[in-house]
Amino acid sequence: MSDPTTATEAAQPGTVTLEGVRVRLGGEAILDDVELTIAAGATVLLRGPNGAGKSTLLRAMAGLLPFDGEIKLFGARPRTLEGRAAFAFVADVPVLFEDLTVREHAVFMSRAYDRPDAEAAILSWLERFELGSRLDEFPGTHSRGMRHKTALSLALGVAPALLLLDEPFNTLDADARVTLTGALRERAASGTVNLLSAHEQSLESDLDAKVVEVRGGHVGARRG
Amino acid sequence: MRRWWRCAAATWAHVVASAAASGGGTGLRALERRMLRRRLGRGYRWVGRTFGWSTIIYLIFWIALFVVGGVQSAAPLAHPVGASVLPIAIDAVAVLALVSVLLQRTPPVVVGRPHAHLLGLAPWPARRVLRPRLLGYFVSRVLVGAVVGTAAWLLVSILFARSAPALVALGAALWLLRSALALLVYERRALAWPLVALASLLAAAGAASGPLGVEQGAGAPALAAVVAGALALLAAGLALAYQTDAYPSGYLYDASVVSEFRSAVLYAVMTQSAGSLRRRGALARGGRRRGRRAGGARTRLPAPAPTAGPLGAIGWRSSLSLLRSPLLMKVALLAALGYVYATLSAGVVGGLPLAVLGLAAGFLAAWLLGPSVEPMPLPVDAFSRGVGRVLPGAMASGGLFAVLAAVGLNRGGSVGTSEAALLAFALIALAMVTLEKASSWLHVSHREWTTWGLSGLLSGTLLWILSALGGPGTIAMGALGLALFSLLLLP
């Protein structure tokens, strides 16, 4: 079986590629010369100490930070319409619209991604995350874990080709962790890509993930 | 990040050393100085990055040149400046409104050394600790406003030999209502209600005096216009009162830094004081009015068709946002729009007053424009984003103007009802489009006064320029063309 993550492969269709990616914030290099290629169907786990650059890498891939170099998400740049349609990003502090209820988030996201079937999928994920009885509430009244579940349901429901998750397991309860683990395995089996940062050692085997070490702004040796 | 930590560590060392040397006071003073220095530095860098200091200096040079030229070319007084106290007072409080907006902070204080002590160490409610600062804030604002207002009144009277009673009354009532509602939040009802009454009187007086820039006493206004003016002022005040924006992020950052140094207790109290003082009243009012349990939705709108796409999604969300705004604010917005129509129908279709009216349009646009999709990275193109955010508010205002024109409301000016309606619609639409683009490009909330102020001034100025090309019809069509061009072609 070929390795789904390499630092040297040429960009192929159906892959996520980062070439010479460099992110500088406040004059300081947070990421330096990052090379990464992720094939379809892979789950990649970014691991490293706090401040290593994992979140920065994910944010750069989501087009939320300026960067030098080249990031291609299935052939498209992150800030283009095609690029944005290819991924969903869940930050470590989930971003939700405070003026919309949870159910309205499902409506809004399915139309925004122009995927008519996504509304039902999002509602289904919300049920699986045990938020079915809280659909008509505003997320501002929910706990951080509940907000995280909502954000994850939205991301899973729109079923993007690439899912970017920044420490998604941190605030989840035990049941939700099992649900999310299952969801990520299902996605990988269907050929989509998951890229997440996490610290838990057990995730590598739970998700059958490939580990990419991020340390001091460099993507280092790979295990798994 | 490393630099931040180095900086924090150095400050902490300095604080500890100072505290050891002088019993704590010097260290906290150093902290306070550092907070203020950082705030100033951040503001300086933001201005430099956003506008460029050389550009600002260049603009200041030309503005100064124009002001000097304008003063030198001013015609002599047509009649002596009256010594009436009322216009002076009205102008003074009008400028207060401007100063109030410019100096806006929530809560309107910088936490100083004694307050940091009390907040951090004493088990007192933050409001009690901050009360002297809050009172000082209100008093200083009144004094500064009175001085600046008097100077402005003198300048306007000398340069233009006329007053703008409706405009100044608008500002006066806006400020008074805002202060009154702020006082209500601080449970000072005995002071708040007289202020509301005074604001209503000023509103009626302003509306009765004539439209923007028209000489005082030139023509008797219709009763409808008086009512529209009064409601417009109420509108502006209520809109401001319902602002429940988050605490300024820069301050929270400072508060966090202090908390790193002082203790988790200080952080907890400051965070509590940060958002709660102002928001508490609004939330309590909202909750009681809605009669619903916390977190539940109160207004629903049928979902757009599954195939509606991003345009449908954003348009739906903008409509929902308009529908969910508080009832009083909706009434207030409609009244304010009516006031814009009434002013334009009185014949103010050119000149400086139109540019000033643009500012009011910018303010209204801020409340009519749909919410932004930032910071979510959604696959939404600029056209869908722009049209989706602008269309619901524009349609609502257009509908109102059409009704006003059909009713035949006219303040007796040279502009016809349909022309006034078209002109008002064009002004609001242009302000909304400009605001949408400005907030998207600058990544700033459309309800920041800097954004809506800039957009309003730009829209008013564009209409002013267009007024050189023809009458109301030409101005309106030109403005609508500009708005459409921006929506279709600009990113």
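Every chain is numbered from 1, with letters handed out A, B, ... down the list of sequences.
Looking at B:P304, the atoms closer than 4.5 Å to chain A (heavy atoms on both sides) sit in the backbone and in the side chain alike. With a threshold of 4.5 angstrom between heavy atoms, B:I314 approaches chain A through its backbone and through its side chain. Heavy-atom distances place the side chain of A:L64, and not its backbone, under 4.5 Å from chain B.
The minimum heavy-atom distance between A:R84 and B:L378, with the atom names listed, is CD-O, 3.3 Å. Scanning all heavy atoms of the two residues, the minimum distance from A:T101 to B:R324 falls at CG2-NH2, 4.3 Å. The two residues A:Y113 and B:P377 come nearest to each other via the heavy atoms OH-O, 4.1 Å. For the pair A:L81 and B:P379, the tightest heavy-atom approach, listed with the atom from each and the gap, is CD2-C, 3.4 Å.
Side chain of B:R317 to main chain of A:F108: no donor-acceptor pair is present (N/O by atom type, distance under 3.5 Å, no hydrogens or angles).
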Check: residues 156-165 of chain A side-chain donor-acceptor pairs under 3.5 Å, at least two apart:
none

Anything under 3.5 Å between a donor and an acceptor, one on a side chain of residues 52-60 of chain A, the other on a protein residue two or more places apart or in another chain? List them.
| residue | atom | partner | partner atom | Å |
| --- | --- | --- | --- | --- |
| A:K54 | NZ | A:G48 | O | 3.0 |
| A:K54 | NZ | A:P49 | O | 3.1 |
| A:S55 | OG | A:D166 | OD1 | 3.1 |
| A:S55 | OG | A:D166 | OD2 | 2.7 |
| A:R59 | NH2 | A:D92 | OD1 | 3.4 |

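Annotation: the span from B:L311 atom CG to A:D114 atom CG amounts to 10.5 Å, rounded to 0.5 Å. Separating the OG atom in B:S321 from the CZ atom in A:F97 is a distance of 12.0 Å, to the nearest 0.5 Å. A distance of 5.0 Å separates CG in B:L320 from CD in A:E104, rounded to the nearest 0.5 Å.
Here the rule is side-chain contact (heavy atoms from CB on, under 4.5 Å) with A:R111, and of B:P310, B:P306, B:S384 only B:P306 fits it.
When each of A:D99, A:T80, A:L96 is scored by its heavy-atom pairs under 4.5 Å with chain B, the top score falls to A:D99.
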